[in-house]
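Below, each value reflects all heavy atoms present in this structure, side chains not excepted, and no hydrogens, waters or symmetry copies. Keep in mind that what you see is a predicted model, and the values were worked out from it rather than measured.
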Amino acid sequence: MMYSIKMRSSKGGPHEEGGKHISGAERILREDEIEEELINVYRRAITHERGKPDFINLKIEKIDEEDIIYKKRLNINEHHVESKEDGLDLAKELLMDNAVSEESAEMAIQNLQDLEESMHGAMLIDKDTGDRIDNKGIKGVRVTGIASADITEYQESLKNDGREGLHLEEALILASKIASCKGIVAELCWSDDPSYVIGYVGTKDNYERIPILKDEGNPIGGRAFFVDTNQLNDDYTLDDLIDYLENQIVLIE
């Protein structure tokens, strides 16, 4: 029997009432794994660098195992750059190497840099034109229903590498689900954690980790998914793509 655990924490009230996002986490676990991981996500909520929350929501739901699908974990490629500008140039090159037009890559980077507050989810960008094709504003498309197929991998990454390992493991798991989505050719992301300047480009096969994509101390982050609209039709619509990202339960092996 499997269960979904979701944690969201904020300051100034719940997110839907205007509270400031502090942290979030999601796990998909067997019943005997729940108790230990509840402690871990609670500790994460109250020790996050974005501040101490005054609202923490914990949700536990039973999952029908027939609804779960399994997808592969992306390969990790580590890159080295000396500055944010070099990192953004590399991100643009990697996107262009993965079917994203130069115009679309440049527009997405600029859109993320122009954010006045962090995206709650992701913006969907036409890979050819650079136009945003979702209508969700700052909320964006939030990817949920995602976890490692083996919770011990997450626990070991946290134990051995601390917060750095946590960032990498969770970003890799998320990017792996996004890469498995039909119609998405690439992803660009950097964190809203002020001290975490690492970001990545996700492709169909690789997690391209870039050590600097924003200025240290910047509390604004976001992500963009690049969509091949030629793959959308009457049988597979934009709504179907969004439904997969937001609702399909995927475990990454």
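Using a 4.0 Å cut-off between charged nitrogen and carboxylate oxygen, Arg132 and Asp134 count as a salt-bridge pair. Salt-bridge annotation for Glu253 and Arg73: absent, with no side-chain N of the basic residue lying under 4.0 Å from a carboxylate O of the acidic one. Using a 4.0 Å cut-off between a side-chain N of Lys or Arg and a carboxylate O of Asp or Glu, Lys72 and Asp205 qualify as a salt bridge.
Within a 6.0 Å sphere centred on OH of Tyr3, other residues, nucleotides and ligands contribute more than 12 heavy atoms. A 6.0 Å sphere centred on NZ of Lys139 holds no more than 12 heavy atoms belonging to other residues, nucleotides or ligands.
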> Do Phe225 and Val143 pass the side-chain contact (heavy atoms from CB on, under 4.5 Å) test, and can you show the C-alpha distance, the side-chain angles, and the key distance before you say yes or no?
Replying inline: CA-CA 11 Å; Phe225 302 161; Val143 181; 3.8 Å; yes
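Partner Arg27 forms a salt bridge (Lys or Arg N to Asp or Glu O under 4.0 Å) with one of Glu33, Glu35, Glu170 and no other, that one being Glu170.
No donor-acceptor pair closer than 3.5 Å links the side chain of Ser4 to the backbone N or O of Glu26.
Side-chain contact of Ser180 with Tyr244: a donor-acceptor pair under 3.5 Å is present, judged by distance alone. Under 3.5 Å, the side chains of Asn40 and Glu36 contain no donor-acceptor pair of N or O atoms. For Asp131 and Thr129, the side-chain atoms include at least one donor-acceptor pair closer than 3.5 Å.
Residues Ile63 and Ile68 meet the side-chain proximity criterion, which asks for heavy atoms closer than 4.5 Å.
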